[in-house]
> 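There's a structure below that I have some questions on.
Residues take their numbers from the sequence shown, with the count starting at 1. Quick caveat, the model's predicted, so the values are computed rather than measured. Just follow the structure's listing: the first ligand is 1, and inside any ligand the first atom is 1.
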Amino acid sequence: MSRYQDEYRRSLADPAAFWAEQAQHLHWDRRWDAVLDESAAPLYRWFAGARFNTCYNALDRHVEAGRGEQAALIYDSPVTGTIRSYSYRELRDAVARFAGALRANGVNAGDRVVIYMPMVPEAAIAMLACARIGAIHSVVFGGFAAPELAKRIDDAQPVLVVSASCGIELGRTIAYKPLLDQAIALSAHKPARCIILQRPQVAAELTAGRDLDWSDAVASAQPADCVPVAATDPLYVLYTSGTTGKPKGVVRDHGGHAVALHYSMRAVYDARPGEVFWAASDVGWVVGHSYIVYAPLLLGCTTVMYEGKPVGTPDAGAFWRVISQHRVRTFFTAPTAFRAIKKEDPRGEQLKRYDITCLRALFLAGERSDPDTIGWAQDMLKVPVVDHWWQTELGWPAIANCLGIEPMPVKPGSATVPVPGFDLQALDADGTPMAPGAIGNLALKLPLPPGTLLTMWNNDQGYREHYLARYPGYYLTGDAGYIDEDGYAWIMSRIDDIINVAGHRLSTGAMEEVLAGHPDVAECAVIGIADAMKGQLPLGLVVLKAGVERPHADIEKELVARVREQIGAVAAFKTALIVPRLPKTRSGKVLRATMRAIADGRPYTVPATIDDPRILDEIAAVLRS
Ligand code: COA
Ligand code: AMP
């Protein structure tokens, strides 16, 4: 039996023994009573009865073990011309002080703190400070507009919000404070305090009685010690797109999360303490939570926090510069970033300027890695390129080529094999596992391993309905795919209306809600169409109310602006087209898949249940024009 097969089988045959062994690498303030608590199944808990602190394990533990002077975090910001390194000791002290500031401003264990920040070290400091005192952070990606932030504030009900005066995007500053003020004006819940990091590029106006300058808050604060919490207590809530406009609050615990991430660093990424690990993502996404902040620090690596883009900051050599300058060993990003580099520098001229022999592996996730991109990356970098699959809900990779266990032959287009702990199956409509090679709904047999979602924030019922109800005893991933005769998993598509734009997960349902709110719109559909660079792009098809006679171009512009104002620039919603009617089945279901095929120029069969097939020609004519 291969090393991978042996480890995979052990993880499923006796999960409690397997994860107890992995847990030995971390510090527990009190040992668990049960590794796996099944008493409330299908809601499982890992390390029940244990007391644990994630921040202690990520920072203090390493300082006490002699790693204090090693770099913990390197902030590299081409957009501000800054590079700053924090040793483990410095980061621990900065986090302890900010934790004291949070506490002085009324934040206690179990309270929520919303963090709406750009890619600055203070974002990671705020996250770790929450973890230190047992508060629950909820980071909101900076590219979301005020109404999206307001939804998250209303759901998480934070005592305090941490934000900054601005973010910086390719040559322009984005003032965050007006967006925060607008969000708080929109939300029913009002946080008592906001702590604002003033950046030199933009000065934020502070609201008297509510807002505090970060530096003032920290100057007067007493450093706070780590507070051991129940290992099963929430560490964070991270909102992700669902099929409607209401985002889902994924809840992660302290103990299981740390054990799983620590394990993944070795098993999946083959990383070792002291090495430099770089995930070029954003702390607003799960990749940023897991592989910019928590996992590298839990293992004792140096993490890189990069405030820039793959191209334009200043050129397509930006990634190679960072890898070479900071001696990055493991690099993680989304395929779209590589497509952006390839478009600007197809022959890799920029690469010749840098020595990247330190690099050992590239990991890609967030969207499908097309074989072209994988091939190009392999040719350029001459290191293993690993496509791996996971989701916000899962917190760490569920399908991967586990380089730290046993590298497997690559099949381009497949994310390779299930990671130990994840019992992956492709199921048919009745829940029967499909034969090898046959496409089904990808599901994971319960219990999920540690580090995956516990539930949805304040919404156990929603968790059961969205994820567990379709196949009793399984978690529904929302992706369709198949497992081949060698056990390799192939992800084919989503089974819902979620789209993936430049590695960002977005809800077409949320965009439809925004379009439908326009006074001239009778009905609409948003579909994801293929895009060579971003993977997918949203396209809105809109039917106007009878009697609306305004110029179509004006309405289309208003619709585009509306999505940007209500969801955010990150939606990349640039095209709304007015169509005479939407194609539907006789029961009234909009035929989105057929419209997608028409838009992408793929062959399609006219569904037998279509109400009026002539509409498809009308849609095709509008798309062609
Ligand atoms: N704050 C404010 N606005 C933001 C933002 C942020 N944090 N992040 C993105 N935006 C804006 C962008 O400026 C852009 O605005 P525009 O419409 O005015 O141009 C819009 O949101 C869309 O952003 P994006 O989809 O990122 O496109 P881009 O053209 O700026 O960059 C890539 C394209 C491929 C370079 C970029 O998407 C990228 O690096 N992707 C990597 C994906 C990733 O990290 N995924 C996380 C999972 S691994
Ligand atoms: P997110 O929750 O933002 O990480 O998005 C998760 C979704 O992105 C998955 O359900 C997939 O649809 C898609 N995805 C992530 N990684 C991959 C991958 N390696 N291959 C194909 N799809 C992926």
> Determine whether any heavy atom of Arg339 lies closer than 4.0 Å to an atom of ligand 1.
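Flag not set, Arg339 not near ligand 1.
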> Could you check whether any heavy atom of Trp285 sits closer than 4.0 Å to an atom of ligand 2, since that is the contact criterion I want to use?
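It does not; every heavy atom stays at 4.0 Å or beyond.
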> Any idea which atoms of ligand 1 are less than 4.0 Å away from a heavy-atom of Thr336?
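Close to Thr336: 34 (C), 40 (N), 41 (C), 42 (C).
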> When you measure from the centre of the six-membered ring of Tyr294, is the NZ or CZ of Arg252 under 6.0 Å away and within 45° of the axis?
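Output no; distance or angle outside limits.
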> Would you check if there is a donor-acceptor pair between the side chains of Asn441 and Tyr471 at a distance under 3.5 Å?
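There is such a pair between these side chains.
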> If we only consider heavy atoms of Gly167, is any one of them less than 4.0 Å away from an atom in ligand 1?
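No, Gly167 has no heavy atoms under 4.0 Å from ligand 1.
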> Between Gly143, Ala280, Gly568, which one has a non-hydrogen atom sitting closest to atom 44 (O) of ligand 1?
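Comparing heavy atoms across Gly143, Ala280, Gly568, the nearest one to atom 44 (O) of ligand 1 lies in Ala280.
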> Is any NZ, NE, NH1 or NH2 atom of the basic residue among Lys177 and Asp181 found under 4.0 Å from an Asp or Glu carboxylate oxygen of the other?
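Between Asp181 and Lys177 there is a salt bridge, with a charged N closer than 4.0 Å to a carboxylate O.
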> Which heavy atom of Ser264 sits nearest to which heavy atom of Tyr291, and what is that distance?
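Result for this residue pair: OG-OH, 2.6 Å.
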> Please write down residue, atom name and distance for the protein heavy atom closest to atom 31 (O) of ligand 1.
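Going atom by atom, the protein heavy atom closest to atom 31 (O) of ligand 1 ends up being Lys309 NZ, 4.0 Å.
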> What atoms in ligand 1 come closer than 4.0 Å to a heavy atom of Pro310?
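Close to Pro310: 35 (C), 39 (O).
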> What is the nearest protein non-hydrogen atom to atom 25 (O) of ligand 1, stated with its residue, atom name and distance?
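Closest protein heavy atom to atom 25 (O) of ligand 1: Lys534 NZ, 3.2 Å.
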> Judged on heavy-atom distance to atom 16 (N) of ligand 2, which of Ala398, Gly366, Gly503 sits nearest?
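The option holding the nearest heavy atom is Gly366.
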> Determine, for Lys246 against Asp155, whether the closest basic-nitrogen to carboxylate-oxygen distance falls under 4.0 angstrom.
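Result for this pair is yes, salt bridge flagged.
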> Does any N/O atom on Thr392 come nearer than 3.5 Å to any N/O atom on ligand 2?
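Yes - when backbone and side-chain N and O of Thr392 are compared with those of ligand 2, one distance drops under 3.5 Å.
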> Under a 4.0 Å threshold between the charged nitrogen and the carboxylate oxygen, would Lys151 count as salt-bridged to Glu513?
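Salt bridge between Glu513 and Lys151, a charged N being under 4.0 Å from a carboxylate O: no.
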> Assess the pair Tyr176 and Tyr116: is the distance between their ring centroids shorter than 6.0 Å?
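Centroid distance Tyr176-Tyr116: below 6.0 Å, so yes.
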> At a 4.0 Å threshold, what atoms of ligand 1 neighbour a non-hydrogen atom of Val570?
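That gives atoms 21 (O) of ligand 1.
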> Any heavy atom of Arg172 closer to ligand 1 than 4.0 angstrom?
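Yes, that is the case, since the closest heavy atom of the residue is under 4.0 Å from the ligand.
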> Which ligand 1 atoms are under 4.0 Å away from a heavy-atom of Ile174?
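Result: 2 (C), 3 (N).
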> Checking contacts now, so for atom 9 (C) of ligand 1, which I'm interested in, is there any protein heavy atom under 4.0 Å?
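Answer yes: something from the protein, a heavy atom, is under 4.0 Å.
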> What atoms of ligand 1 come within less than 4.0 Å of a heavy atom belonging to Trp285?
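Near Trp285, the atoms of ligand 1 are 46 (C).
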> Do ligand 1 and Glu169 have nitrogen or oxygen atoms that lie under 3.5 Å from each other?
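Among all N and O atoms of Glu169, at least one is under 3.5 Å from an N or O of ligand 1.
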> At under 4.0 Å between heavy atoms, which part of Phe363 makes contact with ligand 1: side chain, backbone, both or neither?
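Neither part.
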> Output the list of atoms in ligand 1 that are nearer than 4.0 Å to some heavy atom of Ala569, sorted by atom number.
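The atoms of ligand 1 under 4.0 Å from a heavy atom of Ala569 are 11 (C), 15 (O), 20 (C), 21 (O), 22 (C).
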> Starting from atom 9 (C) of ligand 2, locate the nearest protein heavy atom and write down its residue, its atom name and how far away it is, to 0.1 Å.
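The closest heavy atom on the protein side is Asp479 OD2, 3.5 Å.
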